[in-house]
Amino acid sequence: MIRSAFSFLVMVCLVFSASLSLSAQDESKDNVLESIMMTPDYKDLKTLGENMRAHNAKYHKDGPYKARVYNISTGPNAGSFVWMMGPTTYTHLDKRPTNDGHDEDWRDNVMPFIKKIHTVEFWKMDNELSNMSMMDGDDAKHPVIFVRYHEIEDGEIPGAFSFLEYVSKTLKAMEGGKNPWGVYVNEFRQGDLGRHIATVGFLKNWAEMDEEGENFKDVFEKTHGANKWQFFLDLGDRSFSNSWDEIWSYNAYMSGK
């Protein structure tokens, strides 16, 4: 995603002034991601890396059980990492690897090097809002991940998705639509933790955030009309109670690649 798009979304985050059960608008089943956020025991990171790599290479190489690992580089969870499996379905979870030593390997060779498990979440991608057609499944091509978590104001689910639709259509109209961006909805209630929706930008490198490109506001007004801009800002302000950013870095080694 180009710099101007990121700069605009950061600005929107600053002007945004729900314990909700949310469902993605898209009905496709094969787009659920299981996400586990963990803090490592820093005493032996080398062994953890080797053991996680071996576990993923053996049990989570590809298909609906494919796993990848991301280091969280910024934000309140910096220093932790995310182990993610999928895209998959809930039906596949009933047949997830448990035999052939899987559970014992995780218990004996991974968990002793983990200080804390923070969250285990299931995220469903909204295929209609997301802009992922240019992605081919090779995580190494977009190793820098810009994650923005959103908390929806009570009773404002329709407004939140309407806001994201404006963003989606604008990003698809920018630079030939080649701006990989995903919208993921948390499948289960989070209570005070929030984290209702995550929007994700996929970057080839950090330097992409220095690149100049089309101005988001200009493309928005060409796409939706100049009279919609203030309405768009107000809609975001009403719909979201909080948002925050994290940058993740793809860890190919721990992913078993």
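This one's a predicted model, so the numbers in the text were calculated from it and none came from an experiment. Heads up: numbering here begins at 1 and tracks the sequence.
A perpendicular orientation is assigned to the rings of Phe220 and Trp229, their planes being inclined by more than 60° (bins at 30° and 60°). Tyr70 and Trp248 have tilted rings, their planes meeting at an angle from 30° to 60° on a 0 to 90° scale. Using cut-offs of 30° and 60° on the angle between ring planes, the pair Phe163 and Phe232 is parallel.
Checked by atom type and distance alone, the side chain of Asn179 pairs as donor or acceptor with a backbone atom of Leu171 at under 3.5 Å. Tyr149 places no side-chain N or O within donor-acceptor distance of the main-chain N or O of Glu246, the cut-off being under 3.5 Å. Put simply, the side chain of Tyr65 gets close to the backbone of His92: a donor and an acceptor are under 3.5 Å apart. The main-chain N or O of Gly182 is never found under 3.5 Å from a side-chain atom of Ser130 such that the two would form a donor-acceptor pair.
Between atom NE2 of residue His55 and atom CG of residue Leu48 there is a gap of 12.0 Å, rounded to the nearest 0.5 Å. Atom CD of Glu153 sits about 10.0 Å away from atom CG of Asn242, to the nearest 0.5 Å. Rounding to the nearest 0.5 Å gives a distance of 8.0 Å between CG of Leu235 and CD of Glu156. For the atom pair Lys66 NZ and Asp62 CG, the distance stands at 8.0 Å (nearest 0.5 Å). Atom CE of Met111 is separated from atom CG of Asp103 by 12.0 Å, given to the nearest 0.5 angstrom. Rounding to the nearest 0.5 Å gives a distance of 5.0 Å between CZ of Phe113 and OG1 of Thr47.
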Could you tabulate the donor-acceptor pairs under 3.5 Å formed by side-chain atoms of residues 250-257, not counting sequence neighbours?
from   : atom 1 : to     : atom 2 : distance (Å)
Asn251 : OD1    : Tyr253 : N      : 3.3
Asn251 : OD1    : Met254 : N      : 2.9
Asn251 : ND2    : Asn71  : OD1    : 3.0
Ser255 : OG     : Val69  : N      : 2.7
Ser255 : OG     : Asn251 : O      : 2.7
Lys257 : NZ     : Lys61  : O      : 3.3

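Side-chain contact, Thr223 with Thr170: no donor N or O sits under 3.5 Å from an acceptor N or O. Between the side chains of Glu187 and Tyr90, at least one donor N or O lies within less than 3.5 Å of an accepting N or O.
The aromatic ring centres of Trp123 and Tyr184 sit 6.0 Å or more apart.
In this structure, the side chains of Trp83 and Val110 stay at 4.5 Å or more apart for every pair of heavy atoms. In this structure the side chain of Ile247 reaches within 4.5 angstrom of the side chain of Phe146, judged on heavy atoms. Here the side chains of Ser35 and Met84 are in contact, with some heavy-atom distance below 4.5 Å. Contact check for Leu93 versus Phe122: side-chain heavy atoms found under the 4.5 Å cut-off. Residues Met125 and Leu33 form no side-chain contact, since every pair of their non-hydrogen atoms from C-beta on lies 4.5 Å or further apart. Between His196 and Asn186, the closest side-chain pair of non-hydrogen atoms is not below 4.5 Å. A 4.5 Å side-chain heavy-atom check between Ser80 and His118 finds at least one atom pair inside the cut-off. Contact of the Met52 side chain with the Met38 side chain is registered, since non-hydrogen atoms from C-beta on lie closer than 4.5 Å.
Of all non-hydrogen atoms in Gln190 and Phe188, the two that sit nearest each other are NE2-O, 3.1 Å. Residues Lys169 and His224 come closest through the heavy atom pair CB-CE1, 3.7 Å. The minimum heavy-atom distance between Leu129 and Glu165, with the atom names listed, is CD2-CA, 3.5 Å. A pairwise comparison of heavy atoms in His142 and Phe202 identifies CD2-O, 3.5 Å as the closest pair. Scanning all heavy atoms of the two residues, the minimum distance from Pro97 to His102 falls at O-ND1, 3.0 Å. In plain terms, the two heavy atoms of Asn99 and Tyr59 that are nearest each other are O-CE2, 4.3 Å.
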For Val183 and Ser168, what are the C-alpha separation, side-chain angles and deciding distance, and is it a side-chain contact (heavy atoms from CB on, under 4.5 Å)? CA-CA 9 Å; Val183 178; Ser168 175; 5.9 Å; no
So Phe216 and Glu221, side-chain contact (heavy atoms from CB on, under 4.5 Å) or not? Walk me through it. CA-CA 9 Å; Phe216 184 96; Glu221 292 183 341; over 6 Å; no
Step-by-step salt bridge (charged side-chain N to carboxylate O under 4.0 Å, His left out) determination, Arg148 to Asp245: CA-CA 4 Å; Arg148 171 159 293 171; Asp245 299 333; 2.5 Å; yes
Run the numbers on Asn131 and Met174 for side-chain contact (heavy atoms from CB on, under 4.5 Å), then give the verdict. CA-CA 11 Å; Asn131 190 36; Met174 297 178 72; over 6 Å; no
Show your working on side-chain contact (heavy atoms from CB on, under 4.5 Å) between Glu214 and Lys222 and close with a plain yes or no. CA-CA 12 Å; Glu214 290 179 280; Lys222 291 177 183 177; 5.6 Å; no
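Within the cation-pi definition used here (under 6.0 Å to the ring centroid, within 45° of the axis), Lys228 qualifies as a partner of Phe231.
Annotation: side-chain contact (heavy atoms from CB on, under 4.5 Å) contacts of Asp108 (sequence neighbours excluded): Glu104.
Counted within 6.0 Å of CG on Asn205, heavy atoms from surrounding residues, nucleotides or ligands total more than 12; the atom is thus considered enclosed.
Ile36 and Leu45 are members of different hydrophobic clusters when ILVMFWY side chains are connected at heavy-atom separations under 4.5 Å. The cluster map of Ile, Leu, Val, Met, Phe, Trp and Tyr, joined by side-chain heavy atoms under 4.5 Å apart, puts Ile117 and Leu193 in different clusters. When hydrophobic clusters are built by joining Ile, Leu, Val, Met, Phe, Trp and Tyr residues whose side-chain heavy atoms come closer than 4.5 Å, directly or via intermediates, Trp206 is grouped together with Leu203.
Only one option out of Phe161, Trp244, Phe240 pairs with His150 in a ring pair (Phe, Tyr, Trp, His ring centres under 6.0 Å); it is Phe240.
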